[in-house]
**Q** 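This structure is in structure tokens; I'll ask about it shortly.
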2 protein chains.
Amino acid sequence: MQESLKSFHSYLTHNNLKLTKQRMLIFKVFMSGQDEMSPEDLLNIVQDVDEGISRSTIYRTLKHLHSAGIARCIHRGDGTTYYEPMGDQSCRMICERCGRTIPIKNPYFECIQKETARQQGFTLFRYQCVIHGLCSACIEQEYTAPPGTTTHSKQRRPA
Amino acid sequence: MQESLKSFHSYLTHNNLKLTKQRMLIFKVFMSGQDEMSPEDLLNIVQDVDEGISRSTIYRTLKHLHSAGIARCIHRGDGTTYYEPMGDQSCRMICERCGRTIPIKNPYFECIQKETARQQGFTLFRYQCVIHGLCSACIEQEYTAPPGTTTHSKQRRPA
DNA sequence: CTCAGTGCAAATGATTTGCACCAGC
DNA sequence: GCTGGTGCAAATCATTTGCACTGAG
């Protein structure tokens, strides 16, 4: 958190941006979140503290957090976007149908990613690896019903 | 193509769906495309053949192609969605900033993915692996200018 | 004191949907 | 002929933007 705050501050300074109380609050709330969250989620929590903060400011600030390398951003298949603090698990599997997320722990995976990136001349300053597939529950249903027809599909954030 | 057509037909049959001339045309155009394409791209090509086909039908059909396991779908960071036929390279790196795409060829990579998926109880019927990062060109600019300020950023489909 | 930041409301752009007519099986 | 398919226009939903005012450096 201290480290990230430093990055944020440095980013702002280098880009002629100001550290407003809104940005500070959003930063703090974002960093203390355990899970990935949508701009809307973040807005709700932030507004519990300061009623006046607008959705636009959330969006604008999230972009800065992302540019500063503090936030990772996750585009779900259903058009929603989630953000989470950088640092922890950066690889995951996502079921294309139900949205279930499973973090990947295989240590070889990371090494190979980095090495592959290097080989391709792709400097991996920060990264995120996502394997899109179908989870077992969804596979069972794949040829049983068209998408959107089942209770299992379309759920966004399974518990 | 023959194989895919069979899958498509089987999918339709199993789901009580009909093989209309619109679906057939969209299927053919989609399968003969070399590159990934957006619904809009597809619409344009399809309309060169049949003026009357609507955007809605393109979207509806693409969903079916995806459900049938024929189309892979790629969500870009800028909110656009692209589709491409399944089969060829399934791993790639994408620059989060400029959208540049680099296919990954490392053979170990695929093996590890499959194995990891298996270990996590994630049956990988079909998959797609994406590493999001920053390409070297964008890294140079990362602390030089905020996002959206440079000519390099925001480009969607670099040549 | 100046330039960037903010809230608000309106704009945008991708995707979806309701509906009345049309066409596979 | 019944059921699902289609085009169209209107609706949605996430995200962005123009603008006049406010506040950080």
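In what follows, chains are A, B, ... by sequence order, proteins preceding strands, each numbered from 1.
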**Q** Give a yes/no answer on whether the side chain of A:Y59 brings an N or O atom under 4.0 Å of OP1 or OP2 in D:dT16.
**A** no

**Q** Do you know the tightest heavy-atom contact between A:P85 and A:G33?
**A** CG-O, 4.3 Å

**Q** Can you check whether A:R23 reaches A:L12 side chain to side chain, under 4.5 Å on heavy atoms?
**A**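 SC-SC contact between A:R23 and A:L12 confirmed.
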
**Q** Specify the separation, in whole Å, of atom CG of A:L25 and atom P of C:dT6.
**A**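 In whole Å, C:dT6 P and A:L25 CG are 11 Å from each other.
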
**Q** With distance as the sole criterion, is a donor-acceptor pair present between the side chains of B:S54 and B:T57 under 3.5 Å?
**A**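 Judged by distance alone, the side chains do pair up.
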
**Q** Ignoring hydrogens and geometry beyond distance, is a side-chain donor-acceptor pair present between B:H66 and B:Y83 at under 3.5 Å?
**A**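 Side chains of B:H66 and B:Y83: no pair found under 3.5 Å.
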
**Q** How close or far is atom P of C:dT16 from atom CG of B:L43, stated in whole angstroms?
**A** 14 Å

**Q** Please work out if B:R55 contacts a base, only the sugar-phosphate, or nothing of the nucleic acid, heavy-atom cut-off 4.0 Å.
**A** base

**Q** In this structure, how many angstroms lie between the C1' atom of D:dG7 and the CD1 atom of B:I26, rounded?
**A** 12 Å

**Q** Send over the distance from B:L62 CG to C:dT16 P, rounded to a whole Å.
**A**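 Answer to the nearest Å: 10 Å.
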
**Q** Separation of B:D50 atom CG from C:dA23 atom P, in whole Å?
**A**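 That distance rounds to 12 Å.
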
**Q** Using a strict 4.0 Å threshold on nitrogen-to-oxygen distance, state whether A:R72 and A:E36 make a salt bridge.
**A** no

**Q** Once you round it to whole Å, what is the distance between P of D:dG5 and CD1 of B:I58?
**A**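 One finds 16 Å between P of D:dG5 and CD1 of B:I58, rounded.
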
**Q** Shortest non-hydrogen contact from B:Y82 to B:D41?
**A** CE2-OD2, 4.1 Å

**Q** Tabulate atom names and distances for all N/O pairs under 3.5 angstrom spanning the protein and nucleotides 19-25 of chain D.
**A**
{"from": "D:dG23", "atom 1": "N2", "to": "A:K18", "atom 2": "NZ", "distance (Å)": "3.1"}

**Q** Take atom NE2 of A:H66 and atom P of D:dT16, then tell me their distance rounded to the nearest Å.
**A** 13 Å

**Q** Looking at D:dT15, I'd like to know if its phosphate oxygens (OP1 or OP2) sit under 4.0 Å from a side-chain N or O belonging to A:T81.
**A**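 Yes.
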
**Q** Rounded to the nearest angstrom, tell me the gap between atom CD1 in A:I53 and atom C1' in C:dC8.
**A** 15 Å

**Q** Give me, pair by pair, the N or O atoms of the protein and of nucleotides 9-12 of chain D that are less than 3.5 Å apart, along with how far apart they are.
**A**
none

**Q** Closest-nucleotide mapping onto DNA chain C: is A:L12 or B:P39 further toward the 5' terminus? I mean the 5' end.
**A**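 By nearest-heavy-atom nucleotide position, the 5'-most residue is A:L12.
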
**Q** Just N and O in the side chain of B:K63: are any of them under 4.0 Å from OP1 or OP2 of C:dT16?
**A** yes

**Q** Quick check: closest heavy atoms across B:P39 and B:T81, and the distance to 0.1 Å?
**A**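 Looking at all heavy atoms of both residues, the closest pair is CD-O, 3.3 Å.
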
**Q** Can you find a heavy atom in the side chain of A:Y11 that is under 4.5 Å from one in the side chain of A:L17?
**A** yes

**Q** Mapping B:N16 and B:G52 to their closest nucleotides on DNA chain D, which lands nearer the 5' end?
**A** B:N16

**Q** Side-chain heavy atoms nearer than 4.5 Å, only ILVMFWY residues, links allowed to pass through others: does that put B:V49 and B:Y59 together?
**A**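 No, B:V49 does not connect to B:Y59 through the hydrophobic network.
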
